[in-house]
Amino acid sequence: MATSSRPLSSLVRHSGCLRRAAALWDAGRGLPRRTFRSRVWRRNFRAASCPPGAAGPLPPNPSGTKNCTASVCSSSSDGQDVTQRLWSVYNETKRQTNVMSTGSVDPDTIFANNEMSLRDIEIYGFDYDYTLAFYSSHLHTLIFNIARDILISKHRYPEGLRKYEYIPDFAVRGLHYDVQKALLMKIDAFHYIQLGTVYRGLHPVPDEEVIAMYEGSHVPLEIMSDFYGKSIHGHTMKQFMDIFSLPEMTLLSCVNDFFMRHNIDYEPVHLYKDVKEAIRDVHVKGIMYRAVEADMEKYICYGEQSHAVLKKLSAHGKKMFLITNSPFDFVDHGMNYIVGKDWRDLFDVVIVQADKPSFFNDRRKPFRRVTDKGALLWDRIHRLEKGQIYKQGNLYEFLRLTGWRGSKVLYFGDHIYSDLADLTLKHGWRTGAIIPELRKEIKIMNTTQYVHMMTWLQALTGLIEQMQVHRDAATQAVVEEWISERESMKPQAKGIFNPQFGSLFRTYHNPTYFSRRLSRFADIYMASISCLLNYDLQHTFFPRLTPLQHEAGGFSSSSTKP
């Protein structure tokens with residue numbers, strides 16, 4: 001092996017590069033659209049090893065930063081000596097990552113995908129469910145139980161299904177379901193299945209079986225939903241983007257599990273359609289609405305925070321409107337509980353049963369006025385009046401009657417497709433995504449366990465990346481051990497969020513498909529609408545400036561709470 005002009009000791013002296021790498025990680029963690037791959041790491045934790053067949057000084061660092069490691073190449077032919085040197089580097093690197101401290105991310109921060117200033121926003125729009133009204137976990141249990149019983153009573157499914165209870169921590173939002181294969185899985189931004197997250201029923205499918213079924217781990221575009229998440233034209237993949245879909249995914253998995261346990265031959269397509277219809281009946285027939293109205297305290301939370309946001313915007317003279325798919329009685333009861341009986345005074349326009357996303361595309365449905373008792377009036381709507389309630393309608397008529405167009409409007413919703421996609425792509429409104437799961441994930445990412453795990457994972461990746469160029473047997477044997485350790489850490493990083501499917505925002509090393517859509521359709525995103533209380537209404541949100549893969553590293557800014 002060729003020798004290096006730099007001593008091994010220089011590898012462990014430059015702890016500054018580790019600190020810079022940790023700073024990069026700290027700045028970027030929690031951001032689904034930022035991918036801190038090993039190439040970014042290389043610029044900040046550069047293992048300056050001699051290239052294969054080369055001798056003498058190290059090559060220049062193309063990033064312009066100081067090389068942080070030195071070669072472990074040795075003139076000795078003794079493989080044991082090389083092995084000892086490599087493990088010495090490994091141990092010192094691990095020691096340094098263990099003593100590093102990094103800052104935490106505030107769960108109440110508003111994160112920006114696109115630069116946006118609140119001083120430009122004159123009109124604020126809101127969805128209702130999971131935007132103004134937040135629900136407790138009891139609601140998902142309720143939906144699961146009612147839909148399960150509908151399968152048994154209406155669709156004649158086996159009575160044995162009553163033994164299954166809702167599993168709160170089984171699924172995460174954004175998963176894909178292969179309707180024909182009855183498989184629930186997580187897919188990344190590049191259409192690759194995250195192995196280890198494929199479930200048939202309540203049990204994982206071995207990686208080898210997944211690869212055999214899909215001839216690899218890539219899912220072709222033609223069997224996935226389209227750009228707006230719609231499963232049409234023969235698509236066999238359904239993506240669950242709605243928070244209300246968590247009990248639906250769990251029910252699908254439980255019924256599949258029952259049939260497999262009892263060796264019942266069934267058609268997966270029929271099962272999917274029956275579960276979908278049962279879940280729809282829970283909403284359409286008003287069963288869920290009546291249950292929530294009967295016990296607001298059990299099912300609704302965060303009410304006082306939403307009220308404070310609305311009062312703040314009203315005090316600053318902002319126009320406000322509400323567009324929801326929920327019926328008037330349900331919204332009225334909920335808003336009375338959250339805000340008070342005068343809640344309608346805060347809104348300039350209130351639209352219920354809007355039928356989103358059709359509301360944003362279908363020009364045919366006119367508005368109808370709804371009386372306080374829920375009766376529909378037949379008169380033509382010439383203007384949208386404050387204090388009145390309107391049903392259905394469409395966005396084109398809304399724009400004509402209000403004149404609220406373009407980037408002066410900011411609309412908040414929890415469903416990335418139904419609430420936000422058309423508004424940002426077709427109509428130029430600014431959009432804010434409400435992601436309740438964000439608060440829990442940030443709290444996990446702030447733990448010492450997670451920070452150390454991910455910092456070491458990045459450091460280990462950097463060591464592997466730089467030492468893989470050496471082809472001698474001793475070096476390759478050590479690198480293979482490092483690779484095995486890195487692979488063993490992946491399930492740990494996944495399981496810390498959710499044992500079955502991991503983080504909502506990230507696969508092992510890529511953003512999820514959910515993250516890709518979030519970054520495209522939402523200008524800003526946050527855990528709850530209450531995060532607005534932390535910001536002045538003149539505040540400008542800036543996305544973090546992180547380097548592209550071909551750009552020099554080291555520049556980074558962040559959007560933080562004032």
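Annotation: the span from L384 atom CG to F367 atom CZ amounts to 5.5 Å, rounded to 0.5 Å. To the nearest 0.5 angstrom, Q388 atom CD is 10.0 Å from T371 atom OG1. The line from CD1 of I434 to OG1 of T131 is 5.5 Å long, rounded to the nearest 0.5 Å.
In K276, the NZ atom is not crowded: 12 or fewer heavy atoms of neighbouring residues, nucleotides or ligands sit closer than 6.0 Å. Environment of NZ in K273: sparse, with no more than 12 heavy atoms of neighbouring residues, nucleotides or ligands closer than 6.0 Å. The number of heavy-atom neighbours closer than 6.0 Å to CD of E297, taken from other residues, nucleotides and ligands shown, is 12 or below. Counting heavy-atom neighbours within 6.0 Å of Q449 CD, excluding the residue itself, gives a total of 12 or less. Heavy atoms from other residues, nucleotides or ligands lying under 6.0 Å from NZ of K386 number more than 12.
F412 and F126 have parallel rings, their planes meeting at less than 30° on a 0 to 90° scale where 60° marks the start of perpendicular. Below 30°, between 30° and 60°, or above 60°: for Y417 and H415 the angle between ring planes is between 30° and 60°, a tilted geometry. By the 30° and 60° cut-offs, the orientation of the rings of Y135 relative to Y130 is perpendicular. Using cut-offs of 30° and 60° on the angle between ring planes, the pair H427 and Y396 is perpendicular. Note on ring orientation: taking the six-membered ring where Trp is involved, the planes of F514 and F505 are perpendicular (angle over 60°, cut-offs 30° and 60°). Classification of the F144-Y166 ring pair by plane angle, with boundaries at 30° and 60°, yields tilted. Between Y177 and Y272, the angle of the ring planes stays under 30°, which puts this pair in the parallel group of the 30/60° scheme.
Under a 4.0 Å N-O distance rule, the pair D120/K408 does not qualify as a salt bridge. With respect to D274 and K154, no salt bridge is recorded, no charged nitrogen being found less than 4.0 Å from a carboxylate O. The existence of a salt bridge linking D127 and K356 is confirmed by a sub-4.0 Å separation between a basic side-chain nitrogen and an acidic carboxylate oxygen. Ion pair R400/E397 flagged as a salt bridge, since at least one NZ, NE, NH1 or NH2 atom sits closer than 4.0 Å to an Asp/Glu carboxylate oxygen. The residues K318 and E122 are annotated as not salt-bridged, no charged nitrogen and carboxylate oxygen being separated by less than 4.0 angstrom.
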Report the C-alpha distance between R162 and D149 in whole Å, list the side-chain angles of each, state the deciding distance to 0.1 Å, and finish with yes or no for salt bridge (Lys or Arg N to Asp or Glu O under 4.0 Å). CA-CA 7 Å; R162 293 194 197 275; D149 294 345; 2.9 Å; yes
Evaluate F501 against Y199 for ring pair (Phe, Tyr, Trp, His ring centres under 6.0 Å), listing each step before the verdict. CA-CA 9 Å; F501 301 101; Y199 275 71; 5.1 Å; yes
Test R290 against D295 for salt bridge (Lys or Arg N to Asp or Glu O under 4.0 Å), laying out the working first. CA-CA 9 Å; R290 291 192 292 272; D295 196 345; over 6 Å; no
Applying salt bridge (Lys or Arg N to Asp or Glu O under 4.0 Å), run through R439 and D108 and close with a yes or a no. CA-CA 7 Å; R439 182 169 277 111; D108 289 322; 2.5 Å; yes
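For Y337 and H333, the ring centers sit 6.0 Å or farther from each other. Ring to ring, Y124 and W429 are not that close: their centroids are 6.0 angstrom or more apart.
Using a 4.5 Å heavy-atom cutoff, the side chains of L537 and R119 are not in contact. Here the side chains of W343 and I338 are not in contact, with every heavy-atom distance at 4.5 Å or above. Side-chain contact between L395 and L423 is present, with heavy atoms from C-beta onward closer than 4.5 Å.
A donor-acceptor contact closer than 3.5 angstrom links the side chains of S515 and T512. A donor atom on one side chain and an acceptor atom on the other are found under 3.5 Å apart for E441 and S503. No side-chain donor from either of D188 and Y513 sits under 3.5 Å from a side-chain acceptor of the other. When only modelled atom types and interatomic distance are considered, N256 and Y266 share a side-chain donor-acceptor pair under 3.5 Å. Judged by distance alone, the side chains of N361 and D422 do bring a donor and an acceptor atom under 3.5 Å apart. Judged purely by distance below 3.5 Å, without hydrogens or angles, the side chains of K186 and Q194 pair a donor atom with an acceptor atom.
For the pair K494 and F497, the cation does not sit on the ring face, since its NZ or CZ is not both under 6.0 Å from the ring centre and inside 45° of the axis. For the pair R369 and Y390, the cation-pi criterion (under 6.0 Å, within 45° of the ring axis) is not fulfilled.
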